[in-house]
Amino acid sequence: MDKLPVSFQQVSFSYENSIPVLDDVSFDIHARELVAMVGPNGGGKTTLLKLMTGMLTPSSGSVSLFGKKPLYARPRIGYMPQYLHFDPDFPITVREVVLMGRLGRGGIRGFLGWPDKKDRSKAMECLAHVEMDTLADRPFSDLSGGQKQRVMIARALACEPELLLLDEPTANVDSQTESRFMALLEELSEKITVIMVSHDMGFVSALVKSVLCVNRKVVVHPTSELTGTAIQDIYNCSMQMVRHDHRCTEKGHTHVIPDQRSL
Ligand SMILES: Nc1ncnc2c1ncn2[C@@H]1O[C@H](COP(=O)(O)OP(=O)(O)OP(=O)(O)O)[C@@H](O)[C@H]1O
C-alpha cells in the first residue's frame, strides 16, 4: 500500500525562541487529495509548507512524506514559494527558470548536465499549461508579477511531482488564468496530491472537498462546513464575507477577509 503523502504527528514549531507558530499539530493527507490551506496572516501556513519541504524541521513531533523524512522525499515534491527570490539582474530566461524545476527530479539527464530533449519538451509543456510558452525566451526579469507567478507554477510542475505544494499560486494572476489553473488543478489531482494556500474562499470552495485551517493549530474541515461560525473559529477573529476587488467581483466570488479592527 502507498505510504501517506503527508503525515504530521504532534508537530510543534517555533522560530528561534519565539512562541510556537504551530502547536501540537497532527493530520494526514491521502493520495490524490486536493487540499486548500486557509488561515489568517501569520497563522503558520507558509511555515507548515516549509516543514513539508524539509526547509524547516519541527521543534518536536514528526513530519513524514511518503513514509520518509521530507528531505528524502524532495525529488517527489514540486514547491511554488509565496515570494520570488531571483536577483533581478541575473540573466535567466523564462525557459531556464522552468528547466531549474527539472533539477528537483534527480537532476537534468542530458550530457554534462545540459537539459536533454525530454527536459526541454517537459519545460515547454508546463509553460503551455500556464500559457507562457510564447514568452519562453524572454528574460525572466522583464515579466510582470502575474506572469512571473505563472512561470513559477510551471517550474513547480516541471519536476513531475507526486506532491505539489503551492503557496498562494493565484495571488497575482488574472481571472482567466485563475480559471484555467483551477481546471489544471482538478486534472492534476486525479493523479497527484495537491496542497495550496489560498485566501480566496470562493476559489477554494469551488475546487476542494476539504480545507486545512491553520491558526497555530490545524483543523481539517469539509468545505461544506466553511461558513459563519466555522470561519470565525478558524481565524479566531471576527470576519467579513465581502465581495471585493476588480478581479474577483468579475467572477462573482465571495471572499473572506479578517476584520482588521479585531486583530
Ligand atoms: N524566518 C522567520 N523568523 C521568525 N519568525 C518568522 C519567520 N517566518 C515567519 N515567522 C513568523 O511566524 C508566524 C507564521 O508565519 P507564516 O509565514 O507561516 O504565516 P502565514 O500563515 O503563511 O501568513 P500569510 O498569510 O501572511 O502569508 C508569523 O508570526 C511570522 O511573523
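Order of appearance sets the numbers: ligands from 1, and atoms from 1 within every ligand. Each residue takes its place number in the sequence, starting with 1. All values reported here derive from a predicted model rather than from experimental measurement.
Among protein heavy atoms, the minimum distance from atom 10 (N) of ligand 1 is reached at Tyr15 CE1, 3.4 Å. Among protein heavy atoms, atom 26 (O) of ligand 1 sits closest to Asn41 ND2, 3.0 Å. From the protein, the heavy atom lying nearest to atom 17 (O) of ligand 1 is Thr46 CB, 3.6 Å. The protein heavy-atom contact nearest to atom 27 (O) of ligand 1 is Gln82 NE2, 3.2 Å.
Each of the atoms 14 (C), 15 (O), 16 (P), 18 (O) of ligand 1 lies under 4.0 Å from some heavy atom of Thr47. Listed by number with element, the atoms of ligand 1 under 4.0 Å from a non-hydrogen atom of Lys45 are 18 (O), 19 (O), 20 (P), 21 (O), 22 (O), 23 (O), 24 (P), 25 (O). Set against the non-hydrogen atoms of Gly44, the atoms of ligand 1 under 4.0 Å away are 14 (C), 18 (O), 19 (O), 20 (P), 21 (O).
At a distance under 4.0 Å, no protein heavy atom can be found next to atom 30 (C) of ligand 1.
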Trace of the side-chain hydrogen bond (donor to acceptor under 3.5 Å, both in side chains) decision for Ser7 with Asp28: CA-CA 4 Å; Ser7 181; Asp28 293 331; 2.8 Å; yes

Audit row: His30, Leu4, side-chain contact (heavy atoms from CB on, under 4.5 Å) steps and yes/no: CA-CA 6 Å; His30 295 87; Leu4 287 168; 3.3 Å; yes

side-chain contact (heavy atoms from CB on, under 4.5 Å) evaluation trace for Phe8 with Val218: CA-CA 10 Å; Phe8 274 56; Val218 173; over 6 Å; no

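Looking at ligand 1, you'll find an N or O of Gly42 within less than 3.5 Å of one of its N or O atoms. At under 3.5 Å, not a single nitrogen or oxygen of Gly39, backbone or side chain, sits near a nitrogen or oxygen of ligand 1.
There is a path of hydrophobic side-chain contacts, each under 4.5 Å, that joins Val220 to Leu163.
Ligand 1 lies nowhere less than 4.0 angstrom from a heavy atom belonging to Ser18.
Listed for the Arg138 side chain is no donor-acceptor partner under 3.5 Å among the backbone atoms of Leu143. Side-chain atoms of Lys45 never come within 3.5 Å of backbone atoms of Val38 as a donor-acceptor pair (strictly under, hydrogens ignored). A donor-acceptor contact shorter than 3.5 Å links the side chain of Arg150 to the backbone of Val130.
Within 6.0 Å of atom CD in Glu125, more than 12 heavy atoms from other residues, nucleotides or ligands are found, so the atom counts as buried in its surroundings.
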